[in-house]
Amino acid sequence: MRPLINLDKCDGCGLCVAVCCSNILKMVDKNLVIVDGDGCDWCALCEAVCISGAIVCPLEIVLNS
Ligand code: SF4
Ligand code: SF4
C-alpha cells in the first residue's frame, strides 16, 4: 500500500517528507514523489501533517459475508 498524492493540492512544503520515517517520500524538482511504495508502513504521519490535504492514506474496509 502507498499513500495517495494529489499534486494539484500539494504546495511542496516538504513536511510529509520530514516526518516519513520510512524515507520513501522525496521532493524532486519541487514535486513530491514516492520512491519506494512497498516500504510504506502506513503510519499516516504524512497525512497528519499535510494541512493541504494533498496526501492521504485511505483505509480499505473489507466485509466478509
Ligand atoms: S505535506 Fe502536503 S503540501 Fe506539503 S509536500 Fe507533503 S503533500 Fe505536499
Ligand atoms: S504513511 Fe508513513 S511511511 Fe507511509 S509515506 Fe506516509 S509517513 Fe511515510
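Small disclaimer: the values here were computed from a predicted structure and weren't measured. By convention here, the first residue in the shown sequence is residue 1.
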Could you check if a side-chain atom of L25 sits within less than 4.5 angstrom of a side-chain atom of V35, using non-hydrogen atoms only? no

Spacing of C10 atom SG and M27 atom CE [to the nearest 0.5 Å]: 5.5 Å

Below 4.5 Å, heavy atoms only, C-beta onward: do L45 and C20 meet side chain to side chain? no

Closest heavy-atom contact between M1 and C40? O-CB, 3.6 Å

Taking the side chain as every heavy atom from C-beta outward, state whether L4 and P58 have any pair of such atoms under 4.5 Å apart. yes

Shortest non-hydrogen pair, C16 vs L32, comes out as SG-CD2, 3.7 Å

Pairwise distance CD1(I61) to CG(L59) - rounded to 0.5 angstrom: 6.5 Å

To the nearest 0.5 Å, how far apart are NZ in K9 and CD1 in I55? 12.5 Å

Steps toward side chain to side chain contact (heavy atoms under 4.5 Å, CB included) verdict (C21, D41): CA-CA 9 Å; C21 55; D41 67 5; 4.1 Å; yes

D38 to R2 - nearest heavy-atom pair and separation: N-NH2, 4.5 Å

Side-chain heavy atoms nearer than 4.5 Å, only ILVMFWY residues, links allowed to pass through others: does that put W42 and I24 together? no

C57 vs P3 side-chain heavy atoms within contact, under 4.5 Å: yes

Please round to the nearest 0.5 Å and tell me the distance separating atom CG of N31 and atom NZ of K26. 15.5 Å

